[in-house]
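One structure is given here, and the rest of the page talks about it.
Just so it is clear, the structure is predicted and the values come from calculations on it, not from any experiment. Numbers restart at 1 for each chain; the letters A, B, ... are given by sequence-line order, proteins then strands.
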Amino acid sequence: MGGIICAETVTGIETMVEETKKLVQKFLAERESDGILGLRKGDWNIIQPHVFTLPEELDALVLDPKWPFAKLAMQILRTAPKEYRLAVICRGCDERAIFELFKRNQIEENRIQIIGIPCSSEQARLCLCERPYPTKLDVGDAVPGVDPFEDAGVKELLMGDDTRRMKRWAQVLKRCIKCYGCRNSCPICVCEPCKLENEVWVRRGSIPTEILSFHLIRAFHLSDSCVACGACQEACPVGIPLQSLQLSMRRALRERYDYIPGCDPVKKSPILGDFVDEPEKDRSIPEWVNTLRE
Amino acid sequence: MTNDEIRGMTLEKNKARQPKILVFACKWCGLIGADGAGRKKLELPVDFRVIPVECAGFVEPDAIIRALASGIDGVVVMGCHIGGCRFNNANHQAIKRLELLKELLDATGIGKERLMISFGTAHEDHQFADIIKDYFRKISGSIRLEPWVESYVPKR
């Protein structure tokens with residue numbers, strides 16, 4: 001899934017793989033978890049996710065390319081027996097997604113362990129990632145993030161006057177074939193039933209879909225929880241830059257409430273609280289608001 | 001020229017001139033203003049509809065998106081002022097949510113001005129009338145959403 005390995009960092013990646021293997025070996029030996037979710041290079045060099053349970057399998061462990069693991073881990077834990085514990089080899093985005101799933105009670109905290117690995121600077125640039133590293137790194141060194149608003153493609157979509165931007169977005173979103181790939185691949189989209197399947201919001205069986213309702217409702221539902229993993233964009237068969245839809249809302253959350261989704265397993269989204277508990281920068285509230293509370 | 005043709009022309013003309021506006025009015029503030037404005041027979045634009053809601057926190061952002069997608073030019077949400085909410089500061093959350101929605105509308109080029117949020121400014125009838133009139137003036141200048149919406153709303 002879009003991973004590029006640069007020539008000069010190959011040795012760095014090799015040592016990282018070796019270190020990860022050692023760590024995973026330790027996990028398996030000490031029975032800290034029943035399985036370890038990672039990528040395995042199988043026959044004919046096909047790379048796919050695999051739950052490692054035996055030390056002999058570990059030769060085939062690889063770290064690239066980037067593969068979103070959070071939803072997969074959730075599904076494994078749902079079908080597995082209650083006492084099953086899983087360790088996941090996580091990039092920054094996977095960890096953020098898992099933290100968001102903790103808050104939504106989709107994963108129990110004591111059943112999952114996180115092995116944090118950093119992304120390469122090429123990967124960070126490809127994903128336009130602001131935080132290409134997890135909160136706790138187990139191997140390797142973190143690389144600095146990229147500012148997505150500096151990217152030329154993003155600038156074209158988000159800058160300029162309203163009319164031009166609207167035309168541009170209409171052109172891009174018109175390509176949608178309503179495959180629901182963006183929703184299915186998103187690690188945060190766990191609502192049951194989903195609003196996008198409801199006749200009230202999005203008419204069933206009509207293609208092309210009503211792009212405004214479909215895309216904006218989907219984008220807004222993730223406004224305070226999008227972890228910028230880019231899974232939606234990678235899953236899109238017609239190449240709609242869906243990640244750029246979230247950027248302005250992410251920036252607003254960071255500027256107003258100093259909140260980045262998924263960076264803390266406990267802290268809830270600030271838009272769920274009022275201005276007393278979660279104050280907004282540059283917004284004054286009357287003092288007597290506090291005294292109304294008991 | 002037959003009557004039907006004339007009626008068609010007038011309809012067409014009206015359609016081209018007036019923007020359509022949807023107002024979500026909180027029962028405790030905005031709706032009282034709207035009621036008073038009607039009772040006093042204040043001068044008001046024609047093409048707006050008021051949907052009474054119990055609290056501004058009830059207004060789902062999805063409903064606003066759906067309204068814009070089905071050809072409404074602007075949406076107004078009216079609630080009580082900060083601190084004056086009857087329902088555990090639900091209007092604080094409404095403000096936070098709708099401000100975020102504004103960011104999304106701005107990013108896609110639909111424009112921040114399509115959504116107006118007014119909290120605690122429409123208690124009185126003349127205030128309500130002023131807000132609606134001002135908003136109509138503001139929204140008439142901006143381009144129609146229809147070229148973007150038209151072909152995606154299925155014809156019945």
**Asked** Top residue by heavy-atom pair count (under 4.5 Å) with chain A, among B/Arg66, B/Lys102, B/Arg97, B/Gln93?
**Response** B/Arg66
Using non-hydrogen atoms and a 4.5 Å limit, figure out which bit of [X] sits close to chain A: side chain, backbone, both or neither.
X	value
B/Glu99	both
B/Leu105	side chain
B/Asn91	neither
B/Ala94	neither

**Message:** Quick test of your reading of the model: are B/Asp134 and B/Arg137 salt-bridged, counting only N-O distances below 4.0 Å?
**Reply:** yes
**Complete:** For B/Leu31 and B/Pro52, the nearest pair of non-hydrogen atoms, with its separation, is CD2-CB, 3.7 Å
**Asked** Does any non-hydrogen side-chain atom of A/Leu212 lie less than 4.5 Å from one of B/Ile110?
**Response** yes
**Message:** Is there a side-chain contact between A/Phe220 and A/Met249 in this structure, where contact means two heavy atoms from C-beta onward sitting under 4.5 Å apart?
**Reply:** yes
Contact origin within [X] toward chain B - heavy atom pairs under 4.5 Å:
X	result
A/Glu278	both
A/Arg256	side chain
A/Leu157	backbone
A/Val200	backbone

**Request:** For side chain to side chain donor-acceptor pair (under 3.5 Å), just list the numbers for A/Arg168 and A/Gln171, CA-CA rounded to whole Å, side-chain angles, deciding distance to a tenth of an Å, and then say yes or no.
**Result:** CA-CA 5 Å; A/Arg168 182 96 188 86; A/Gln171 209 179 38; 3.2 Å; yes
Only pairs under 3.5 Å count here: list side-chain donor-acceptor contacts from residues 74-88 of chain B, not counting sequence neighbours, and write none if there are none.
from    : atom 1 : to      : atom 2 : distance (Å)
B/Arg86 : NH1    : B/Gly84 : O      : 3.2

**Message:** Ring-plane angle category for B/Phe48 and B/Phe136, please: parallel below 30°, perpendicular beyond 60°, tilted otherwise.
**Reply:** perpendicular
